[in-house]
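Contents: one structure, followed by commentary.
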Amino acid sequence: MALAGAIVGLALAGCSGSATGPAADASLPSALISNPPAGYSPSATGTGPLDVQGASYSTPADVDQTAAILKAQAFRAGYVKVWQKGPDYITAAIYRFDTASHALAFADFEKASISGEVGSYVYVLTQPSWGTGFVITSKNKTRTKLIFCQGGLFALETDVSLVQTCGEQPNSSTMVDALTNQQYLQASGVMVFGSVSPAPSKPSNPPVASP
């Protein structure tokens with residue numbers, strides 16, 4: 001399983017799909033966070049729409065297995081934003097499916113893939129409470145150095161959000177949790193023009209995560 005290595009390829013080489021066809025959805029960029037922590041700059045090569053191929057490289061799970069489940073769960077469109085700070089980077093991606101059950105199945109697949117890998121572990125997010133936080137330690141694509149990734153993923157109606165911070169040194173868990181919480185607010189429509197409106201106590205039709 002490539003885990004962090006696949007994300008390195010996406011973030012630094014640019015594996016996003018074309019701007020036309022099934023990967024194009026004008027509403028997706030606005031459903032992702034826009035303001036990374038200080039010192040991070042946008043990556044033009046890594047940011048953009050995701051087709052099945054691009055999406056399969058943008059998650060911690062095995063590329064071929066991810067492509068297969070994206071097709072099986074009727075993946076419709078995706079988008080990823082990437083920011084870099086020296087060798088460190090942040091990715092925020094969203095994957096849209098035709099039904100909420102298909103979105104949840106994809107989120108469960110990612111959780112199982114991460115938790116089953118040596119050197120990785122998962123935990124329950126504070127918000128959203130059905131989301132999954134994770135820590136990954138893996139070799140980069142050339143297998144010359146360790147990459148540390150921390151992040152969070154969750155399904156919300158027909159979308160799955162995935163936020164990661166990766167680098168040669170572990171990042172702050174506080175930063176990861178803040179980014180994931182910000183993404184939850186953004187995806188659920190609570191973020192308005194850079195400010196935060198009062199969050200609903202429970203989003204409409206939240207998925208029930210598998211044990």
Side-chain angles (χ1 to χ4, degrees), residues 2-37 40-67 69-71 73 75-85 87-97 103 106-107 109-111 113-114 131-134 136 138 140-141 147 149-167 171 175-176 179-188 191:
L3 287 177
I7 301 297
V8 172
L10 171 77
L12 304 184
C15 294
S16 57
S18 65
T20 60
D25 189 322
S27 68
L28 291 180
S30 62
L32 288 170
I33 55 177
S34 299
N35 301 313
Y40 284 83
S41 301
S43 169
T45 58
T47 295
L50 295 171
D51 55 16
V52 170
Q53 180 182 11
S56 68
Y57 276 89
S58 69
T59 83
D62 177 82
V63 172
D64 292 336
Q65 292 180 18
T66 301
I69 196 167
L70 285 167
K71 295 174 182 177
Q73 302 301 331
F75 170 73
R76 298 182 63 181
Y79 201 91
V80 63
K81 293 181 180 180
V82 180
W83 298 272
Q84 290 180 251
K85 180 182 180 182
D88 298 344
Y89 60 89
I90 295 170
T91 65
I94 191 165
Y95 311 86
R96 180 156 292 170
F97 297 85
F106 180 69
F109 161 77
E110 290 293 328
K111 176 183 177 180
S113 296
I114 298 169
T132 299
F134 58 85
I136 297 170
S138 178
N140 62 353
K141 290 179 75 67
I147 297 293
C149 290
Q150 297 170 261
L153 69 98
F154 59 88
L156 183 63
E157 298 187 350
T158 58
D159 293 340
V160 174
S161 291
L162 172 64
V163 177
Q164 294 189 97
T165 68
C166 297
N171 284 308
M175 181 178 76
V176 174
L179 286 170
T180 304
N181 181 60
Q182 184 182 354
Q183 174 56 29
Y184 165 65
L185 297 175
Q186 189 77 28
S188 59
M191 298 291 290

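Fair warning: this is a prediction, and the values are worked out from it, not measured in the lab. Each residue takes its place number in the sequence, starting with 1. These numbers come from the heavy atoms of this one structure, side chains and all, not from hydrogens, waters or symmetry mates.
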Closest non-hydrogen atom pair, I33 against Q186
N-CG, 4.0 Å

Quick one: CE on M175 to OG1 on T180, what's the gap to the nearest 0.5 Å?
10.0 Å

Any chance you could lay out the side chain to side chain contact (heavy atoms under 4.5 Å, CB included) test for I136 and I114, step after step, and finish with the verdict?
CA-CA 8 Å; I136 297 170; I114 298 169; 4.0 Å; yes

What class does the angle between the rings of F106 and F97 fall in, given that below 30° is parallel, 30 to 60° is tilted and above 60° is perpendicular?
tilted

Does any part of the side chain of I147, heavy atoms only, come nearer than 4.5 Å to the side chain of C149, both counted from C-beta?
yes

Under 3.5 Å donor-acceptor, Q183 side chain and A31 backbone:
yes

Can you give me the closest heavy-atom contact between P37 and I90, atom names plus distance?
CD-CD1, 3.5 Å

Please report the interatomic distance OG(S56) to CG(D64), rounded to the nearest 0.5 Å.
7.5 Å

Would you name the heavy atoms of A92 and L32 that are closest together and state the gap between them?
O-CD1, 3.5 Å

Would you give the length of the straight line joining atom OG of S161 to atom CZ of R96, rounded to the nearest 0.5 angstrom?
9.5 Å

How close do G152 and F134 get, counting heavy atoms only, and between which atoms?
N-CE2, 3.5 Å

Student check: side-chain heavy atoms of K85 and S41 closer than 4.5 Å:
no

Please report the C-alpha distance between L156 and S188 in whole Å, then the side-chain angles of each, then the deciding distance to 0.1 Å, and finally whether the side chain to side chain contact (heavy atoms under 4.5 Å, CB included) criterion is met.
CA-CA 8 Å; L156 183 63; S188 59; 3.7 Å; yes

Are any of the side-chain nitrogens in R76 or D25 under 4.0 Å away from the carboxylate oxygens of its partner?
no

Checking the side chain of T47 only, and the main-chain atoms of V82 only, is there a donor and an acceptor separated by less than 3.5 Å?
yes

Nearest heavy-atom approach of L50 to F75 is O-CZ, 3.6 Å

Rounded to the nearest 0.5 Å, how far does CD1 of I94 lie from CG of D159?
4.0 Å

Would you call the rings of Y184 and F154 parallel, tilted or perpendicular, taking 30° and 60° as the class edges?
perpendicular

Between V52 and K71, which heavy-atom pair has the shortest distance, and what is it?
CG1-CE, 3.9 Å

For a 4.5 angstrom cut-off between non-hydrogen side-chain atoms, does D88 reach Y40?
yes

Rounded distance (nearest 0.5 Å) linking atom CG of L162 with atom OG1 of T59
7.0 Å

Rounding to 0.5 Å, atoms CD (Q150) and OG1 (T165) come to a distance of 5.0 Å

For K81 and S43, what are the C-alpha separation, side-chain angles and deciding distance, and is it a side chain to side chain contact (heavy atoms under 4.5 Å, CB included)?
CA-CA 8 Å; K81 293 181 180 180; S43 169; over 6 Å; no

Side chain to side chain contact (heavy atoms under 4.5 Å, CB included) assessment of Y89 paired with Q164:
CA-CA 8 Å; Y89 60 89; Q164 294 189 97; over 6 Å; no

